[in-house]
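Below, chains carry the letters A, B, ... as their sequence lines are ordered, and counting in each starts from 1. The structure presented is a predicted model; accordingly, all values stated were derived computationally and were not measured.
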Number of protein chains: 2
Amino acid sequence: MRSRSEEDYLKAIYSLSIKGSSTSTNEIAKALTMKASSVTDMLKKLADKKWVNYIKYKGVTLTKEGKQIALQIIRKHRLWETFLVTNLNFKWDEVHDIAEQLEHIDSIELINRLDKHLGFPKFDPHGDPIPDKNGKIQDLRKSQPLSDLKKGDKGIIIGVVDGTSIFLRYLDNEGLNLGTEIHVAEIFDFDFSYKLKINNKFLTVSERVSKNLLIQF
Amino acid sequence: MRSRSEEDYLKAIYSLSIKGSSTSTNEIAKALTMKASSVTDMLKKLADKKWVNYIKYKGVTLTKEGKQIALQIIRKHRLWETFLVTNLNFKWDEVHDIAEQLEHIDSIELINRLDKHLGFPKFDPHGDPIPDKNGKIQDLRKSQPLSDLKKGDKGIIIGVVDGTSIFLRYLDNEGLNLGTEIHVAEIFDFDFSYKLKINNKFLTVSERVSKNLLIQF
DNA sequence: ACTTTTTTTTAGTCTAGTCTAAATTAGTTT
DNA sequence: AAACTAATTTAGACTAGACTAAAAAAAAGT
Ligand SMILES: [Mn+2]
Ligand SMILES: [Mn+2]
Ligand SMILES: [Mn+2]
Ligand SMILES: [Mn+2]
């Protein structure tokens with residue numbers, strides 16, 4: 001059996017490994033708001049269970065099995081988020097903490113039935129792809145941050161980089177939802193803010209925002 | 001915050017206290033399949049938190065607050081069971097273990113929305129009443145075990161005493177579902193088995209079964 | 001190449017929650 | 001009332017998962 005702690009570590013290592021294969025003790029500690037010494041302890045335990053490849057001072061990677069577990073936890077997290085938003089009418093900024101708990105419920109049957117109940121969704125409320133029961137993520141969509149677009153470019157919002165509720169509420173407030181089509185009307189050299197045209201209305205967003213909005217291309 | 005363990009203890013004490021106000025260390029140990037010494041330790045902790053009244057060697061009762069917590073856990077357990085059966089098509093004998101985990105998810109908003117989503121059900125799949133958000137159980141139905149009925153009595157099955165999956169599957173198999181109307185055609189003195197008439201068909205059940213089937217009156 | 005800084009690990013401590021074995025208290029029987 | 005038995009508590013130990021402080025290794029700066 002796996003503890004909640006172990007699962008959270010594996011998930012963190014997976015997420016951190018997406019850019020750059022190996023992950024450092026400090027990065028994991030930061031991601032989980034723990035001390036580096038606690039992480040070292042856990043890495044040894046995870047290595048004993050063959051879920052990570054760990055070499056002292058050299059960082060850590062997931063084994064095939066560890067990666068598979070991480071993907072199952074992420075699958076559960078995203079399916080539960082989808083359930084909360086589509087069936088229980090939560091807003092997309094309210095679901096993360098609850099899913100953080102629900103993702104540890106231990107029942108494969110439960111999650112497969114939930115998946116079916118939801119109609120086998122491919123993306124969660126934040127636009128993140130949901131792994132299937134075999135851990136496959138087949139997100140064929142390509143995206144780039146808004147900050148990579150040039151004046152005159154068009155695109156559709158399909159995701160966010162920063163998933164904090166404060167950012168998500170800002171987006172709600174400004175009408176920047178997933179699926180919204182945007183058109184880059186102007187980029188101000190001065191502060192790299194973006195003037196967008198959305199349904200014939202204009203909206204200016206900061207550089208910070210432009211880096212956290214993912215646009216399909 | 002409350003741990004999963006603490007919640008399971010409070011729930012067990014509540015259930016055991018239904019018949020006879022005070023509960024013994026040994027009873028709790030048996031209910032949770034733990035050792036009596038572990039129970040003693042936990043009772044001290046629960047007493048420190050003012051959730052139980054505990055006097056050495058004298059048994060334990062829930063405080064008002066402890067009872068309220070227990071009722072909230074039971075509410076969550078029964079609502080989740082209802083969700084699993086009515087929305088995810090689980091059978092009534094498959095849901096207990098999953099609900100045993102889900103009942104510890106910490107979010108009042110979640111459970112209230114789930115309640116609403118399910119249409120504020122009053123009973124769970126096993127016929128047990130679901131406490132409302134204030135912990136009130138208003139089960140006006142009166143029931144008695146089938147074993148209390150006499151020859152010629154009629155009634156409707158509204159619950160079970162024993163909720164183990166083996167018993168529940170037996171009931172499924174014999175068509176003894178909640179809501180089924182039964183008629184006591186015969187009681188055999190020999191072994192106290194009951195011959196029932198159900199939709200003009202006859203079915204004989206053992207004394208053991210008769211003690212675990214609750215009939216409305 | 002040596003020094004300083006940063007990262008990582010080790011050593012030792014703490015708490016929650018469990019256990020076994022021994023001691024104590026309560027209840028029952030003679 | 002004493003003796004036995006059953007229930008309960010205490011004492012001591014263990015594990016998981018966290019922490020702090022100190023030591024060691026790696027990386028960066030001169
Ligand atoms: Mn989590
Ligand atoms: Mn998400
Ligand atoms: Mn439980
Ligand atoms: Mn039930």
Side-chain angles (χ1 to χ4, degrees), chain A residues 1-14 16-17 19-62 66 69-70 73 100-101 103-106, chain B residues 1-14 16-17 19-62 66 69-70 73 100-101 103-106:
Chain A
M1 243 308 67
R2 297 182 307 247
S3 70
R4 174 167 178 173
S5 246
E6 289 170 334
E7 293 187 342
D8 282 336
Y9 274 93
L10 292 175
K11 191 162 62 107
I13 295 166
Y14 177 86
L16 291 168
S17 300
K19 24 188 102 180
S21 55
S22 184
T23 307
S24 77
T25 303
N26 258 1
E27 285 175 307
I28 299 167
K30 195 171 179 192
L32 297 174
T33 49
M34 281 185 199
K35 300 297 173 179
S37 55
S38 308
V39 174
T40 301
D41 281 353
M42 182 58 93
L43 291 181
K44 290 176 188 167
K45 290 173 196 162
L46 296 177
D48 284 349
K49 299 195 175 185
K50 314 272 188 218
W51 295 335
V52 301
N53 306 112
Y54 169 58
I55 305 167
K56 262 199 212 180
Y57 295 106
K58 295 283 181 176
V60 69
T61 57
L62 292 175
I69 295 170
I73 308 298
E100 202 56 49
Q101 299 179 62
E103 70 189 359
H104 304 289
I105 300 293
D106 178 33
Chain B
M1 243 313 62
R2 299 182 306 248
S3 69
R4 174 167 179 174
S5 246
E6 289 170 335
E7 293 187 342
D8 282 336
Y9 273 93
L10 292 175
K11 192 162 61 105
I13 296 167
Y14 176 87
L16 292 169
S17 301
K19 25 188 101 178
S21 54
S22 184
T23 306
S24 77
T25 302
N26 258 1
E27 285 176 306
I28 299 167
K30 195 172 180 192
L32 297 174
T33 48
M34 281 185 200
K35 299 298 173 177
S37 56
S38 308
V39 174
T40 301
D41 281 353
M42 183 57 92
L43 291 181
K44 290 176 189 169
K45 291 173 196 164
L46 296 177
D48 284 348
K49 299 196 175 183
K50 314 272 188 218
W51 294 335
V52 301
N53 306 113
Y54 169 58
I55 305 169
K56 262 199 211 178
Y57 295 105
K58 296 282 181 175
V60 69
T61 57
L62 293 175
I69 295 170
I73 308 300
E100 202 57 49
Q101 299 178 63
E103 69 189 358
H104 304 290
I105 299 293
D106 179 32

Subject >> Atom-to-atom span, CD of B:Glu27 to C1' of D:dT8 - whole angstrom >> reply: 13 Å
**OP:** Compare side-chain N and O positions of B:Ser37 against OP1 and OP2 of D:dA11 and report whether any pair is under 4.0 Å apart.
**Re:** no
**OP:** Enter the distance from A:Leu46:CG to A:Asn53:CG here, rounded to the nearest 0.5 Å.
**Re:** 11.0 Å
Original post:
Roughly how many Å is it from CG in A:Leu10 to C1' in D:dG17, rounded to a whole number?
Top reply: 15 Å
Subject >> Atom-pair distance (CG on B:Leu43; C1' on C:dA16), nearest Å >> reply: 15 Å
Subject >> Short side-chain N/O contact to C:dT7 OP1/OP2 from A:Lys56, under 4.0 Å >> reply: no
Original post:
Rounded to whole angstrom units, what separation is found between the CG atom of B:Asp41 and the C1' atom of D:dG12?
Top reply: 11 Å
**OP:** Please state whether the phosphate of D:dA6, meaning OP1 or OP2, lies under 4.0 angstrom from any side-chain nitrogen or oxygen of B:Asn26.
**Re:** no
**OP:** Using whole Å, report how far CZ of B:Arg2 lies from C1' of C:dT15.
**Re:** 20 Å
Original post:
How long is the line joining CZ of A:Arg4 and P of D:dT15, in whole Å?
Top reply: 24 Å
Original post:
Is B:Thr40 near enough to D:dT10 that one of its side-chain N or O atoms lies under 4.0 angstrom from OP1 or OP2?
Top reply: no
**OP:** Take the protein atom CD1 of B:Ile28 and the nucleotide atom P of C:dT18, then report the distance between them rounded to whole Å.
**Re:** 13 Å
Original post:
Which listed nucleotide (C:dG17, D:dT20, C:dT18) is nearest to the side chain of A:Lys35?
Top reply: D:dT20
Original post:
So, is B:Tyr57 close to the D:dA6 phosphate, meaning a side-chain N or O under 4.0 Å from OP1 or OP2?
Top reply: no
Original post:
Taking B:Val39 as the fixed residue, which of B:Ile13, B:Leu32, B:Val60, B:Ile28 is the one that meets the side chain to side chain contact (heavy atoms under 4.5 Å, CB included) rule?
Top reply: B:Ile28
Subject >> Any B:Ser5 side-chain N or O less than 4.0 Å from OP1/OP2 of C:dT18 >> reply: yes
Original post:
Quick one: OG1 on A:Thr40 to CE on A:Met42, what's the gap to the nearest 0.5 Å?
Top reply: 12.0 Å
**OP:** Give one of base, sugar-phosphate or nothing for A:Lys58, where a contact means two heavy atoms less than 4.0 Å apart.
**Re:** nothing
Original post:
Does B:Gln101 reach the main-chain N or O of A:Asp106 with its side chain, forming a donor-acceptor pair under 3.5 Å?
Top reply: yes
Subject >> Short side-chain N/O contact to C:dT9 OP1/OP2 from A:Tyr54, under 4.0 Å >> reply: yes
**OP:** Report the distance from atom NZ of B:Lys44 to atom C1' of C:dT15, rounded to the nearest whole Å.
**Re:** 16 Å
Original post:
Say you draw a straight line from NE2 of B:His104 to CD of B:Glu6; how long is it, rounded to the nearest 0.5 Å?
Top reply: 11.5 Å
Subject >> Among C:dG17, D:dA18, C:dT8, the one nearest B:Met42 by side-chain distance >> reply: C:dG17
**OP:** Look at the side-chain N and O atoms of B:Thr25 and state whether any lies under 4.0 Å from the OP1 or OP2 oxygen of D:dT9.
**Re:** yes
